[in-house]
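Here is the structure we will look at, set down as structure tokens.
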Amino acid sequence: MTEQDFIPKTYPKTLKDGSFTWSSPSNIALIKYWGKKKDQIPKNPSISFTLNHCKTTTTVSFTKKERSNHFSFEVFLSGEKKEDFKPKIEIFFKRVEIYLPFLKDYHFKIETTNTFPHSSGIASSASGMSALALCLMSIEKSIELADNKRDIKMSDEFFIQKASFLARLGSGSACRSLEGDLVVWGKHDKIEISSNLFGVKYPFEVHENFKNYQDTILLVDKGEKQVSSTIGHNLMHKHPFAEARFKQAHKNLSRLITILKDGNLDAFIEVVESEALTLHAMMMTSLPYFILMKPHTLEIINKIWAFRQKTNSKVCFTLDAGANVHILYPENEIKNVLKFINNELVTYCQKGEYINDKIGFGSELINKDS
Ligand code: DP6
């Protein structure tokens, strides 16, 4: 597939109005995406667990209007009009217009809600861009269906690939938020179906040990982060360790393929924690340098290491581009790990808050009206 394959022919018919609602999960990367080329092409492959409870639900209602030179849309978060969300969506519309040429033919009302608090430090861009891309794809599909002269129907495979492709143009990691339960994005030579353009479901065997894998997100810092991911990615351009890091991500993904098959949890811990610390090491060694971890992030990491040594638990941590800590552990350790979190870690969470999540199965179409 190339970008050209996602440019549609013109739609000879149009719809007067309609609406679609999709719900998309967040995801947590095991092998991290950090560094990109032009057009949101990643510098290295990444793989993530799709989450189950942290989700964004988005309804896009559309009404036919006279075609004009600008995009017409309004955005609401939990019923409240959000003018400050518009610039990001405007940029997204500009990027995807060539792939969705109907965008200037309609007025859109975008209504979105998150299952997690907006100010939790949990990024909503992955789940949000994924849900929005899916709604736009549903509109495209319904325009195609409205055209009864053409009998070529959009396949489910194409639908999901193009939705992931569009989500990527909104936010890189969003292209891994459509399907469950492990998704790869970025070309890797051991995964033939992998692509830089969209996420694909991890195609190989996964050991029982990873079934219902748990992720408890400790909310260490619920504020806005000082440096956005986009700026962080850009700092990889002249980064002294960039090439070694990109090579390492390829190697770690090769290693993870074996680990996921064999169920070797000690090796899993080593790869996942090393990836998290490498991500933050890249931030600390950029120019300008920055630190997104907080003292409590480090306290939690040290407590996890001590707990593991004492109890032989297979609990481990990963981080995204912020101070919050994702605690990953097998299903059979739920009781012990939650006890550990409540006894020893909750004190490092802002307002004592954390979110229990686990590996999940991807996006869902909630409602359609067209
Ligand atoms: C650290 O996808 O948020 O979470 O493409 O600029 O929107 P943009 O960046 P974004 O970067 C996420 C980086 C990460 C690692 C990961 O999810 O792989």
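First listed ligand is number 1; within each ligand, the first listed atom is number 1. Predicted model, so just to flag it, every value in this text is computed and none were measured.
The distance from the OG atom of S124 to the CG atom of L77 is 7.5 Å, given to the nearest 0.5 Å.
The N/O atoms of S125, backbone and side chain alike, include none that comes under 3.5 Å of an N/O atom in ligand 1. Considering backbone and side-chain atoms together, Y33 places an N or O closer than 3.5 Å to an N or O of ligand 1.
Note: F49 and F268 have tilted aromatic rings, judged against thresholds of 30 and 60 degrees for the angle between ring planes.
Applying the 4.0 Å criterion to heavy atoms of G172 picks out, from ligand 1, the atoms 2 (O), 5 (O), 7 (O), 8 (P). Listed by number with element, the atoms of ligand 1 under 4.0 angstrom from any heavy atom of R176 are 16 (C), 17 (O), 18 (O). Applying the 4.0 Å criterion to heavy atoms of A321 picks out, from ligand 1, the atoms 1 (C). Interface atoms of ligand 1 facing Q40, defined by a heavy-atom separation under 4.0 Å, are 5 (O). Contact atoms of ligand 1 toward K36: 5 (O), 6 (O), 8 (P) (distance under 4.0 Å to a heavy atom of the residue). Counting the atoms of ligand 1 from 1 in the order shown, those under 4.0 Å from a heavy atom of A29 are 16 (C), 17 (O), 18 (O).
Residues Y106 and F73 keep their aromatic ring centres 6.0 Å or farther apart.
Of all protein heavy atoms, the one closest to atom 9 (O) of ligand 1 is H233 NE2, 3.0 Å.
Remark: of the listed residues K81, K86, K109, K81 is the sole one forming a salt bridge (Lys or Arg N to Asp or Glu O under 4.0 Å) with E74.
In this structure D84 satisfies the salt bridge (Lys or Arg N to Asp or Glu O under 4.0 Å) test with no other residue, sequence neighbours excluded.
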